[in-house]
Amino acid sequence: MVLCFFAFATTFSVMAKKGRAVTKKVDERVYLQHADELSYDIYGSHPDAQFLRGNVAFLHKGMHLNCDSAYFYESTNSFQAFGHVKMRQGDTLTLVGDRAFYDGNDEMGHVYENVILTHKKSKLYCDTLDYDKMYGIADAYGAAGIKLVEGKDVLTADWGRYFTDTRHSEFYYNVILTNDQGLRIETDTLHYANNTSLAHVLGPSTITSKDSKVETENSYYNTRTEASQLFGRSTVWNEGKAITADTLLHNDKTGHNECYGQVVYNDTLNKNILLSNYAIYNDKTGMGYATDSVVVIDYSQKDSLWMHCDTIRIRTLYINTDSVQREVYCYNHVRAYRQDLQAVCDSLVILSRDSCATMYKDPIVWNNGSQLLGEKINIYANDSTIRYAEVLGQALSVERVNADTTRYNQVASRNMYAYFRDGKLRENWSIGNVMVVYYPVEESDTTIIGLNYTETDTLKMYVSPQRRLEKLWMSASTGTLYPITQAPPEKHRLPSFAWFDYIRPVSKDDIFVWRPKARGTELKQEKRREPPKRKNGHNTTAP
């Protein structure tokens, strides 16, 4: 019975050993591999230490440590090293300094004076470095600050941390990153991925390059590709132009900017601002696009002009030359407001080469008590000051006689041409099928005294700077001056008369509210006249 039980127990023990995983114990001891001299001084300041001199070498868990001399505390598994201290881990990491202390139990090394940590292509310089071998963390600091060199990038700071496993760095206080391409980043906190050259700055920071300057509090910048991701209302400055947005993708090398959320583009040279919720602009090519709540503000004059449209595109020709030209396309639902000038149209094209703005599809312009409309309106300006305007096709000019009346002076013609001096209308020419309704008034009290109805082919009006009619010229004409009480009702309004006060923008905030013309009041497309056909014989015709 006893023998059977013993045999069963033995068999079970063997089976249990076969089924249990065997864990190999890691040797935690620091080994002294070599020293030219070894001595003890049990009565000295280090009675528990071995004093080592000459070509001292230690080994601890794969790390080799060399120095000129050392105190080795075998009982605590640690040592102090002096002179040409060098720690080497594998073939990718070395740590050198003038002196050091290493604790094998915690796997912590503290290196002092002229410290250099080299890991792959990275070099970290400092006065003091604490290296946690277990977790691969190096904390660097010192009175003179620290410096990291990674390829062409050089980072300096008051102190920092380096992770050997991920090759990631953290730098704090007075951080500066520079390279040979003219880049300079100044911040208080910077995280740097050494393997990808991606820098993440936090807190008030500036990023300066050859072509731009960035003000940000949270952004990523790749020093290899020169691409950045900017968050939290960052701003990019480039030659007098500034772009601010909630999120901004910027690339110094390509000049590309892509902006999201409350975009503000301020051109301080040309004195205009673009607002939107999404925009793209390239500094190198001058090409741009913006949409979603687009607003353009021109502040070159005493009173700013505000304009809204659905989408705007910008095209630049011959950029960076003396012949640079810019084309701006605004569409749809264009509405503009300035205190003395308002306008609406479906689309607007601005060409800098001839300083011309062209309004398409039911354009209307208001100036104080006047309204001007036609099929197409061209406005020419010098330094944002209007000098010439032309209304082409179904031109109609309407002016309220005074604020207390519903009577209007009216001129209708095929085309109209207006000439300005110092921004004020001085001449107005109407050409082709001209029809006029004009109310003469008493100069003393502006009382309406009659109605003048005239038809002619050409009409030229000359106006004083005070907007008074100085001279009137017309070609052969027919007309009648009616006493106001005897004027026929049908003569008070021209056939094409329209007064679109319900469309007119009344403030800079009103430019966002699109109000179309009432149905039936849109300009009708005039049928193009065909040339007369030539008869050929009696039964056929040929063009």
Side-chain angles (χ1 to χ4, degrees), residues 23-35 38 45-53 55-120 122-150 155 157-173 191-192 194-195:
T23 304
K24 185 178 180 180
K25 187 176 181 180
V26 178
D27 192 345
E28 302 288 346
R29 290 176 296 174
V30 174
Y31 285 94
L32 171 62
Q33 289 187 308
H34 179 84
L38 185 153
S45 58
H46 300 274
D48 56 344
Q50 303 174 37
F51 183 44
L52 312 172
R53 294 187 182 88
N55 300 310
V56 181
F58 293 98
L59 175 65
H60 182 242
K61 299 175 70 172
M63 173 174 278
H64 297 270
L65 306 103
N66 301 85
C67 59
D68 293 341
S69 60
Y71 288 112
F72 180 35
Y73 306 95
E74 192 170 6
S75 60
T76 60
N77 207 34
S78 61
F79 62 85
Q80 294 185 60
F82 307 92
H84 300 96
V85 177
K86 182 176 182 180
M87 300 181 181
R88 178 171 50 85
Q89 184 174 318
D91 58 357
T92 61
L93 186 145
T94 59
L95 177 59
V96 300
D98 291 348
R99 56 191 180 90
F101 175 77
Y102 184 79
D103 186 333
N105 296 327
D106 295 333
E107 298 188 40
M108 284 291 298
H110 307 275
V111 187
Y112 309 95
E113 300 174 12
N114 302 312
V115 180
I116 303 175
L117 170 66
T118 303
H119 184 230
K120 296 185 178 179
S122 303
K123 281 187 177 293
L124 180 62
Y125 300 83
C126 61
D127 292 335
T128 304
L129 187 140
D130 301 329
Y131 178 56
D132 187 334
K133 178 178 176 295
M134 182 180 298
Y135 296 102
I137 300 174
D139 288 321
Y141 49 94
I146 65 172
K147 180 172 75 171
L148 174 72
V149 178
E150 176 67 41
L155 297 95
D158 288 354
W159 71 277
R161 174 171 288 178
Y162 180 78
F163 299 86
T164 59
D165 291 342
T166 61
R167 294 196 66 205
H168 177 82
S169 308
E170 297 176 358
F171 297 87
Y172 301 93
Y173 306 118
H191 296 192
Y192 182 76
N194 295 54
N195 54 340

(request) Take Lys123 and Thr118 through the side-chain hydrogen bond (donor to acceptor under 3.5 Å, both in side chains) test and state the conclusion after the steps. (result) CA-CA 5 Å; Lys123 281 187 177 293; Thr118 303; 3.0 Å; yes

If every non-hydrogen atom of [X] is compared with every non-hydrogen atom of [Y], which pair is closest and at what distance?
| X | Y | value |
| --- | --- | --- |
| Ser122 | Asn194 | OG-ND2, 3.1 Å |
| Gly104 | Val30 | CA-CG2, 3.9 Å |
| Leu117 | Ala138 | CD2-CB, 3.8 Å |
| Val111 | Val96 | CG1-O, 3.9 Å |
| Ala144 | Asp127 | N-OD2, 3.4 Å |
| Phe82 | Ala70 | CD1-CA, 4.2 Å |

(message) Is it the case that the side chain of Asn77 and the backbone of Glu28 share a donor-acceptor pair, with hydrogens and angles ignored and the cut-off at 3.5 Å?
(response) yes

(message) Donor-acceptor check, side chain of Asp130 to backbone of Met108, threshold 3.5 angstrom: yes or no?
(response) no

Is any side-chain heavy atom of [X] closer than 4.5 Å to a side-chain heavy atom of [Y]?
| X | Y | answer |
| --- | --- | --- |
| Phe51 | Tyr71 | yes |
| Thr164 | Tyr131 | yes |
| Leu38 | Leu32 | yes |
| Ser169 | Leu155 | no |
| Glu170 | Phe163 | yes |

(message) Once you measure the plane-to-plane angle for Tyr73 and His46, does it fall in the parallel (<30°), tilted (30-60°) or perpendicular (>60°) bin?
(response) tilted

(request) Just say parallel, tilted or perpendicular for the rings of Trp159 and Tyr173, cut-offs at 30° and 60°. (result) tilted

(request) Could you list all the salt bridge (Lys or Arg N to Asp or Glu O under 4.0 Å) pairs where at least one residue sits in residues 83-112, not counting sequence neighbours? (result) Lys61-Glu107, Arg99-Glu113, Glu107-Lys133

(request) For residues 70-82, pull every pair meeting salt bridge (Lys or Arg N to Asp or Glu O under 4.0 Å), keeping only residues two or more places apart or in separate chains. (result) none

(request) Tell me whether the centres of the aromatic rings in Phe72 and Phe58 are closer together than 6.0 Å. (result) yes

Gap separating the [atom1] atom of [X] from the [atom2] atom of [Y], nearest 0.5 angstrom:
| X | Y | atom1 | atom2 | result |
| --- | --- | --- | --- | --- |
| Tyr31 | His64 | OH | NE2 | 14.0 Å |
| Gln89 | Leu65 | CD | CG | 9.5 Å |
| Asp158 | Phe171 | CG | CZ | 12.0 Å |
| Leu59 | Asn66 | CG | CG | 10.0 Å |
| Asn195 | Thr166 | CG | OG1 | 8.0 Å |
| Met63 | Leu95 | CE | CG | 7.5 Å |

(message) Looking at His84, I want to see if its NE2 is surrounded by more than 12 non-hydrogen atoms of other residues, nucleotides or ligands under 6.0 Å.
(response) no

